[in-house]
Amino acid sequence: LVLVAAELAASASAAHDRAGRRGAAWSAAQAAADLAGRCEGARTPLLDERSDPAQLTEREWEVARLVARGLTDKEVAARLTVSVRTVHSHLQRAYRKLGVSSRTELSEVFAAHGGT
């Protein structure tokens with residue numbers, strides 16, 4: 001059943017991606033990857049077509065996750081020992097890749113994926 005759930009999440013990801021809902025596509029793709037990972041390397045045609053619409057870099061993901069948790073840009077900068085300007089840059093790229101435009105929308109994308 002976990003494999004079926006992974007396939008359904010992969011199909012949802014592709015459908016959201018085609019409809020231009022990048023945040024939802026990303027959440028579904030992440031869910032599909034998580035579920036497929038529990039299936040010991042199983043591969044199916046549906047899993048192979050899974051889209052990965054938002055290839056966040058590790059740092060973009062880290063910044064986005066902290067912002068989604070409610071930290072300010074200044075707090076994120078202090079925690080990651082980078083400048084606030086660097087946080088802004090990573091955050092804007094993450095917004096663009098995820099198809100969101102606010103901290104609220106970013107939090108919703110992370111919440112849809114099971115939390116931050």
Side-chain angles (χ1 to χ4, degrees):
L1 291 177
V2 174
L3 183 58
V4 172
E7 288 181 326
L8 290 172
S11 293
S13 174
H16 286 304
D17 196 30
R18 284 190 300 274
R21 295 184 298 267
R22 289 177 289 189
W26 179 78
S27 293
Q30 294 301 310
D34 292 346
L35 290 164
R38 294 173 41 197
C39 296
E40 300 181 23
R43 294 192 55 160
T44 70
L46 285 174
L47 290 177
D48 288 343
E49 83 173 39
R50 172 179 70 229
S51 74
D52 194 2
Q55 284 284 6
L56 297 181
T57 66
E58 187 175 330
R59 186 60 96 173
E60 288 166 351
W61 188 88
E62 190 173 20
V63 167
R65 181 178 54 83
L66 292 171
V67 167
R69 285 184 176 172
L71 275 68
T72 66
D73 291 350
K74 187 175 181 179
E75 291 168 332
V76 172
R79 182 171 291 189
L80 301 178
T81 60
V82 297
S83 72
V84 173
R85 183 178 170 118
T86 298
V87 170
H88 288 165
S89 294
H90 288 303
L91 188 56
Q92 289 307 310
R93 283 193 300 274
Y95 277 7
R96 187 174 55 252
K97 289 178 180 182
L98 295 172
V100 301
S101 60
S102 70
R103 289 171 182 269
T104 301
E105 290 176 3
L106 181 66
S107 295
E108 290 168 0
V109 167
F110 274 80
H113 175 51
T116 51

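Side-chain contact between Thr86 and Arg59 is absent, with no heavy atoms from C-beta onward closer than 4.5 Å. Using a 4.5 Å cut-off on side-chain heavy atoms (C-beta onward), Arg38 and Leu35 make contact. Side-chain atoms of Val82 and Val63, non-hydrogen and from C-beta on, never get closer than 4.5 Å to each other. Within the 4.5 Å cutoff, no side-chain heavy atoms of Leu91 are placed close to those of Val76.
Screening Gln92, His90, Arg93, Arg65 against Glu60 for a side chain to side chain donor-acceptor pair (under 3.5 Å) leaves a single residue, Arg93.
A donor-acceptor pair under 3.5 Å links the side-chain atoms of Arg103 to the main chain of Leu71, judged by distance alone.
Of the inter-residue distances, the one linking Leu3 atom CG with Glu7 atom CD reads 5.0 Å to the nearest 0.5 angstrom. The CZ atom of Arg85 sits 13.0 Å away from atom CG of Asp73, with the distance rounded to the nearest 0.5 Å. Between the CG atom of Leu80 and the OG atom of Ser83 there is a distance of 11.0 Å, given to the nearest 0.5 Å. In this structure, CD on Glu62 lies 9.5 Å from CZ on Arg79, to the nearest 0.5 angstrom.
Across all their heavy atoms, Cys39 and Val2 have their closest contact at SG-CG1, 3.7 Å. A pairwise comparison of heavy atoms in Ala32 and Ala6 identifies CB-O, 3.6 Å as the closest pair. For Val100 against Val109, the heavy-atom pair with the smallest separation is CG1-CG2, 3.7 Å. For Ala68 against Ser107, the heavy-atom pair with the smallest separation is O-OG, 3.2 Å. The minimum heavy-atom distance between His16 and Ala28, with the atom names listed, is CD2-CB, 4.4 Å.
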